[in-house]
Amino acid sequence: MISANGLELRAGAQLLLEAATFQVAPGDKIGLVGRNGAGKTTLARVLAGESAPAAGTVRSSASVGYLPQDTLVGDLDGLAVDRVLSARGLDTLLSGLREAQLEMADTDPARRDAAVRRYGRLEERLTVLGGYAAEAEAASLASSLGLPPRVLGQQLRTLSGGQRRRIELARILFGGSEALLLDEPTNHLDADSVSWLRDHLRAYRGGLVVISHDAALLDAVVNKVLHLDADRRVLDVYSLGWKGYLEQRETDARRRRRERANAQRQASALQSQADKMRAKATKAKAAQNMQRRAERLLAGVSADRAPDRAARIRFPVPAHCGRTPLAARGLSKSYGSAEVFTGVDIAVDRGSRVVVLGLNGAGKTTLLRLLAGLEQPDAGEVTPGHGLRLGYYAQEHETLDTGRTVLEHMRSAAPDLTEAEQRRVLGSFLFPGDEVFKPAGVLSGGEKTRLALALLVVSGANVLLLDEPTNNLDPASRGEILSALRRFQGAIVLVTHDEGAVEALGPERVVLLPDGVEDAWGEEFTDLVALA
């Protein structure tokens, strides 16, 4: 279905993968894993035909459905249902039917009759293509992914980031492709939708490559694992399920350690003997040969696998502020005729912890954007308090300029720091050396998350608005951010479906959307987190 031969991947001058050869066959359920920044997203884009490899070839004999991490695509003025149906080319037919239906009300008989004939032709073609049944199928998929019927009739621009992500996933699944490439498909999904997706992918008969930090999904679905080793720049192929892969990978690591230890002992002995022989001119050539043998021994074994790096996140003491640095009263917001919420009040006290909960589309991201001043409410007002310094983390990373480099972002966020200090901060977020010159547009989802968090750290903010900050992070980096949130001395308003993030935050209050009810946090709200 998909065949890669001698594949080489690069991010600028950085080598990510060298001489990889593998294939995706029917029935393969492949988990593509590796630490953040290893090149998983780059590899997925190459397999999907979205970009070209530095060397080698990719051939596909099947239709491929690709779900990228960045799903901010499509006509924002188009309807959500049309976006799903576009996977089979049915969106233009339905749009034409809607236009013809409107023209059938024309008072001019000639134009009315032409519209009737056009409507008939389009309807006949739609029937042949199974269009009406397809609409029902698309609605069923959307429902399984937690999208209510009303969302399908809304314009894409009126949907939250989580809803648009689900629409894109529904579109890819609806397309019926013979192979699927899914990059973090469980992002923004609630617990029920994740469970449904696991079952759906398990039953899928085509070839599947999935990038995910969701160990439960990988355990339930995959029968093969490709591990992209960032240290060795190779792709290790394991024809095993998830648990078998974990066991075998550890066995391989122990074997490589033994091989290297043996090679080092032999090389050390050869080196010692060569040093002794160099003292005698008659044995200089033999000493050189021994030296070469020692070097070949060390070159022939893999280095110890370096432990997965984690971003070192340390928020500084926040700037001083008044008792209530941020408040809002009577906030209402609609997009067209779609009302998101109305009459929401919130007061963020100094050092307080607030969780915002609600189903997808309830307005969680919208509320944070209003508080951040990125959007204006239809009614009500946001009131900054004394000394407010606001930091906003956007789940879709729309605050990052894709054309600017990592270092340029840091220069703008922390102009008072020297370049050495800026690079030291970026290094702690796993952007060492020349990686600071990468444009934000080529970063993986996890790298964008780390960059956005680095910019927050240098902001000196005393109120953080965080929208799904643990998405796309490997387990080690996720642990670091949860630890940093626990220690942060300023106020935090958090939107998340990550129960671990809520536990780390230790919230005092909760705001429930769309009703805007504010209440003291209690354990009874914990079950709502995953559903949100």
Side-chain angles (χ1 to χ4, degrees), residues 62-67 71 73-105 115-116 118-182 185-206 208 221 335-338 359-362 531:
S63 55
V64 177
Y66 173 49
L67 177 75
T71 53
V73 293
D75 178 9
L76 295 183
D77 293 322
L79 299 181
V81 66
D82 286 350
R83 180 64 185 164
V84 177
L85 294 172
S86 69
R88 297 185 193 172
L90 298 172
D91 55 323
T92 53
L93 278 177
L94 288 169
S95 178
L97 278 170
R98 286 194 288 268
E99 290 174 5
Q101 196 168 28
L102 291 174
E103 292 168 5
M104 284 161 59
V116 169
R118 181 168 169 243
Y119 187 92
R121 289 195 301 271
L122 290 172
E123 187 175 42
E124 182 180 353
R125 187 176 169 199
L126 187 67
T127 302
V128 169
L129 294 174
Y132 291 113
E135 278 192 280
E137 182 185 346
S140 175
L141 273 173
S143 176
S144 297
L145 293 172
L147 292 169
R150 63 173 175 79
V151 169
L152 293 178
Q154 293 178 219
Q155 290 180 313
L156 287 176
R157 71 169 64 256
T158 69
L159 304 184
S160 69
Q163 287 174 321
R164 289 184 60 183
R165 175 76 176 179
R166 291 170 187 234
I167 287 294
E168 285 303 307
L169 179 54
R171 177 179 178 272
I172 297 304
L173 299 181
F174 177 76
S177 299
E178 298 164 290
L180 295 177
L181 303 175
L182 306 180
T186 59
N187 276 0
H188 306 299
L189 295 188
D190 56 38
D192 288 343
S193 298
V194 170
S195 178
W196 176 86
L197 182 63
R198 282 200 297 260
D199 292 340
H200 184 86
L201 295 180
R202 197 159 41 211
Y204 178 66
R205 295 186 178 182
L208 169 69
V221 173
Y335 294 104
S337 60
L359 299 178
N360 267 288
L531 296 176

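Residue numbers count from 1 along this sequence.
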Enquirer: Please report the shortest heavy-atom distance between S177 and V64, naming the atom on each side.
Expert: OG-C, 3.6 Å

Enquirer: Tell me if a side-chain donor or acceptor on R166 pairs with a main-chain N or O of H188 at a distance below 3.5 Å.
Expert: yes

Enquirer: Grab the two heavy atoms, one from A100 and one from A115, that are nearest each other, plus how far apart they are.
Expert: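 Scanning both residues completely, I find the closest heavy atoms to be O-CB, 3.7 Å.
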
Enquirer: Could you give the distance from CZ (R171) to CG (L141), rounded to the nearest 0.5 Å?
Expert: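 If I round to the nearest 0.5 Å, the distance is 13.0 Å.
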
Enquirer: Less than 4.5 Å apart, any side-chain heavy atom of L156 and any of L159?
Expert: yes

Enquirer: Minimum heavy-atom separation for R83 and E168, please, with both atom names.
Expert: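 Closest approach of R83 to E168: NE-OE2, 2.6 Å.
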
Enquirer: Give a yes or no answer on whether the side chain of Y204 reaches the backbone of A179 with a donor-acceptor pair at less than 3.5 Å.
Expert: yes

Enquirer: Taking S144 for the side chain and S140 for the main chain, is one N or O donor matched with an acceptor at less than 3.5 Å?
Expert: yes

Enquirer: Mind listing the closest non-hydrogen atom pair of G146 and S193 along with its distance?
Expert: N-OG, 3.5 Å

Enquirer: For T186 and V194, indicate whether the former's side chain and the latter's backbone hold a donor-acceptor pair under 3.5 Å.
Expert: no

Enquirer: Find the distance between CG (L173) and CG (L145) and round it off to the nearest 0.5 Å.
Expert: 6.5 Å

Enquirer: Go through it in stages, so that I can follow the logic: the residues are I167 and V81, the test is side chain to side chain contact (heavy atoms under 4.5 Å, CB included), and I'd like the CA-CA distance, side-chain angles, deciding distance and then a yes or no.
Expert: CA-CA 8 Å; I167 287 294; V81 66; over 6 Å; no

Enquirer: Side-chain contact, heavy-atom cut-off 4.5 Å: R164 with R157?
Expert: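 A side-chain contact is absent here, since even the closest heavy-atom pair is not under 4.5 Å.
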
Enquirer: Below 4.5 Å, heavy atoms only, C-beta onward: do F174 and L169 meet side chain to side chain?
Expert: no

Enquirer: Which is it for L102 and E99 under the side chain to side chain contact (heavy atoms under 4.5 Å, CB included) test, yes or no, and what are the steps along the way?
Expert: CA-CA 5 Å; L102 291 174; E99 290 174 5; 5.8 Å; no

Enquirer: D192 and S195: side-chain donor and acceptor closer than 3.5 Å?
Expert: no

Enquirer: Within the structure provided, determine whether L208 and L201 are in side-chain contact (heavy-atom separation under 4.5 Å).
Expert: yes

Enquirer: Work out which heavy atom in L85 is nearest to a heavy atom in A138; give both atom names and the distance.
Expert: CD2-CB, 4.0 Å

Enquirer: Under the criterion side chain to side chain contact (heavy atoms under 4.5 Å, CB included), I'd like the reasoning laid out for Q154 against L79: C-alpha separation, chi angles, the key distance, then a yes or no.
Expert: CA-CA 5 Å; Q154 293 178 219; L79 299 181; over 6 Å; no

Enquirer: Kindly indicate whether the side chain of Y66, heavy atoms from C-beta on, has any atom under 4.5 Å from the side chain of I172.
Expert: no

Enquirer: Measuring only between side-chain heavy atoms, which start at C-beta, is L197 closer than 4.5 Å to V221?
Expert: no

Enquirer: Has E178 got a side-chain atom pairing as donor or acceptor with G206's backbone, closer than 3.5 angstrom?
Expert: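 Checked: no pair found.
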
Enquirer: For the atom pair OH (Y119) and CE (M104), what is the distance rounded to the nearest 0.5 Å?
Expert: 6.5 Å

Enquirer: Strictly below 4.0 Å, N to O, side chains only: are R118 and E103 in salt-bridge contact?
Expert: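 Yes, this pair counts.
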
